Structures are given as structure tokens and as C-alpha cells.
Amino acid sequence: MKSPFHLVHQNSEIDSRIVAALERISEAFRVLLWNESKEYALSPIQIQMLIFLLTHSEEQRKVSYLAQEFNMTKATISDALRVLEEKSLVKKTSDPNDSRSFVLDLTKKGKDIAEKTSFFTNELQTPINKLYSDDKENLLLSLMTIIHHLNKAGVITIQRMCLTCIHYETDSKNKHFCKLLNRKLETTDLRIDCPEHAQSAA
């Protein structure tokens, strides 16, 4: 088996070209994040953490959850948070349900930066907006299938998408159904990050 970056092999195998294309897109994410991080004198992971704290629930805004979310150690997350606290972007609040834990909240300054930087993907959004509806649906389902495999293989950890949820069902015709909502789901209904997600044991 040859590497997808071996050009002769890559140019003769569509699977390898798809892998190479995904790598190029991951590079775009890195560049766009770096651009944001330089503007605010923060690291890319600190930008991602601010956006996560802006958009997720109280029970997810904890060091242990962030460590799983970003595939990092608690120590690394704590170091990144320490800088955010020193810059008055994040504050800690005692968890009323656990005296040994605390919840992370954004300050007004932190919220302002999180809201501005949450649009760092605009240049990626532009070509996606121009795709035909069927192409968008096929792309979404294909990407979710890849993410699901990577999750099962242990490459990436927490996933809150339909395919990893206990409420999700699919049949032999690849029709989607949510038991929580008790209704059929169209491909356009499938979520990457669902607030009601409950991890499947499968």
C-alpha cells in the first residue's frame, strides 16, 4: 500500500486524491486560525476554546470536558486557560453540584473576541454556499461517515453528531430516524453538534 502523498499513486487513485484534498482543507483551517490568533495575540487552541465556551452548555464548559473535546491533557488545557484568565477573557465559577470542580465562563471581553473569531471559516463557507443542494447533502453525509469512522477508531474522541447518538436509527435503505424527536430525518436535518446528543454504546 502506497502513501496517498505518493504522486504517481495519488494521481491514479481517486481515494488518495480525496485524502490529499482533505489535507489541503485542514491546512486552510490552520492558516485561518493562525490569522485570528495573531490578531489577538492568542494561540489557535485558545481561539478554539473561546469559541467552544461561547457556544456550549455549562456542563461542557469544564477542564475535563475540554481535554476530551480537543484531545489534550488536562494540564495542557489548564495552561491555555491560565493565559485566557490573565488576559481577562475567561473566569472560573464554582460548580454548585461539585465543590471540586468549576465552570468556565467568558468575560464580556472574552465573549466579544469569541463572537468575532467564530467567523474565521468564512472563506470556507463561501464555496460551500455555492454548491447545489444535492451536492451539499452528499458532502455532509460523506464527511459524517468519515468522522464516525475516526471516532470509532479512537483518532478523535467526543462527537455529538447524529451517527454517534443513542437516539439515532437508520434502516437498510439508509433512511434516518430520531427516536428523541420521534420523526424521520432528512439528510439536511442531520447534526454535527447536537445539544440533545446522548452517546451510543456502539
Side-chain angles (χ1 to χ4, degrees), residues 22 25-26 29-30 32-34 36-37 40-121 124 140 143-169 178-181 185 189-202:
L22 289 172
I25 292 172
S26 73
F29 273 100
R30 287 194 292 271
L32 292 169
L33 267 173
W34 268 114
E36 294 293 334
S37 65
Y40 295 99
L42 297 169
S43 69
I45 186 61
Q46 288 165 345
I47 294 291
Q48 288 178 291
M49 287 169 63
L50 290 177
I51 296 171
F52 185 88
L53 295 175
L54 174 71
T55 56
H56 288 81
S57 68
E58 186 174 287
E59 68 175 16
Q60 295 167 338
R61 299 198 310 270
K62 297 179 181 180
V63 172
S64 57
Y65 196 96
L66 288 173
Q68 294 180 69
E69 174 73 19
F70 294 107
N71 295 301
M72 293 181 171
T73 65
K74 289 183 182 179
T76 301
I77 292 294
S78 295
D79 286 344
L81 284 171
R82 177 178 48 76
V83 175
L84 294 176
E85 284 187 276
E86 290 172 355
K87 291 178 178 285
S88 300
L89 302 179
V90 169
K91 59 185 178 181
K92 295 176 181 176
T93 305
S94 297
D95 185 349
N97 300 315
D98 185 355
S99 60
R100 299 166 300 174
S101 183
F102 53 83
V103 177
L104 300 161
D105 293 307
L106 294 175
T107 63
K108 183 183 183 307
K109 182 181 177 183
K111 185 177 180 182
D112 288 344
I113 291 177
E115 287 176 340
K116 290 174 183 175
T117 57
S118 67
F119 292 97
F120 80 93
T121 56
L124 289 165
L140 174 62
L143 291 173
M144 291 182 81
T145 302
I146 293 169
I147 293 168
H148 192 202
H149 168 81
L150 293 172
N151 177 235
K152 289 196 296 182
V155 177
I156 50 178
T157 52
I158 295 177
Q159 296 302 315
R160 293 175 296 275
M161 65 179 185
C162 291
L163 272 60
T164 63
C165 185
I166 197 169
H167 303 302
Y168 172 79
E169 285 184 344
C178 178
K179 292 184 287 185
L180 181 65
L181 300 177
L185 300 175
D189 296 321
L190 295 177
R191 296 178 177 182
I192 291 289
D193 195 340
C194 179
E196 286 81 36
H197 182 274
Q199 184 66 41
S200 170

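No experiment lies behind these values; they were computed from the predicted model shown.
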Practice problem: Measure across C162 and M144 and return the closest heavy-atom pair with its distance rounded to 0.1 Å. | Solution: N-CE, 4.1 Å

Practice problem: Heavy atoms only: give me the nearest Q199-Q159 pair and the separation to one decimal. | Solution: OE1-O, 3.5 Å

Quiz item: When you look at NZ of K62, are more than 12 heavy atoms from neighbouring residues, nucleotides or ligands closer to it than 6.0 Å?
Solution: yes

Quiz prompt | Heavy atoms from other residues, nucleotides or ligands near NZ of K74 exceed 12 (cutoff 6.0 Å) | solution = no

Quiz item: Can you find a heavy atom in the side chain of L104 that is under 4.5 Å from one in the side chain of K92?
Solution: yes

Quiz item: Pick from I158, T157, V155: which one makes a side chain to side chain contact (heavy atoms under 4.5 Å, CB included) with N71?
Solution: T157

Quiz item: Hey, is K108 close enough to D112 for a salt bridge, meaning N to O under 4.0 Å?
Solution: yes

Quiz item: So H197 and T164, side chain to side chain contact (heavy atoms under 4.5 Å, CB included) or not? Walk me through it.
Solution: CA-CA 8 Å; H197 182 274; T164 63; 2.8 Å; yes

Quiz prompt | Contact summary for E196 and R191, nearest pair of heavy atoms | solution = OE1-NH1, 3.3 Å

Practice problem: Using side chain to side chain contact (heavy atoms under 4.5 Å, CB included) as the criterion, point out the one residue from I113, L50, L106 that pairs with L84. | Solution: L50

Self-check item: Student check: side-chain heavy atoms of Y40 and Q46 closer than 4.5 Å
Solution: no

Practice problem: Grab the two heavy atoms, one from S200 and one from C165, that are nearest each other, plus how far apart they are. | Solution: CB-C, 3.9 Å

Self-check item: Check: L22 and L143 side chains under 4.5 Å, non-hydrogen atoms
Solution: yes

Self-check item: Non-neighbouring partners of T76 that pass side chain to side chain contact (heavy atoms under 4.5 Å, CB included), sequence neighbours left out
Solution: M72, T73

Practice problem: Carefully, step by step, assess L32 and L124 under the rule side chain to side chain contact (heavy atoms under 4.5 Å, CB included). | Solution: CA-CA 10 Å; L32 292 169; L124 289 165; 4.1 Å; yes

Practice problem: Please report the closest heavy-atom contact between R160 and Y65, naming both atoms and the distance. | Solution: NH1-OH, 2.9 Å

Practice problem: State, to 0.1 Å, how close P44 and S37 come at their nearest heavy-atom pair, and which atoms those are. | Solution: N-CB, 3.7 Å

Exercise. Could you check if a side-chain atom of V90 sits within less than 4.5 angstrom of a side-chain atom of M49, using non-hydrogen atoms only?
Key: no

Quiz prompt | Test item: Y168 and M161 side chains (from C-beta on) under 4.5 Å apart, heavy atoms | solution = no

Practice problem: Just jot down the salt bridge (charged side-chain N to carboxylate O under 4.0 Å, His left out) partners of E115, sequence neighbours excluded, or say none. | Solution: none

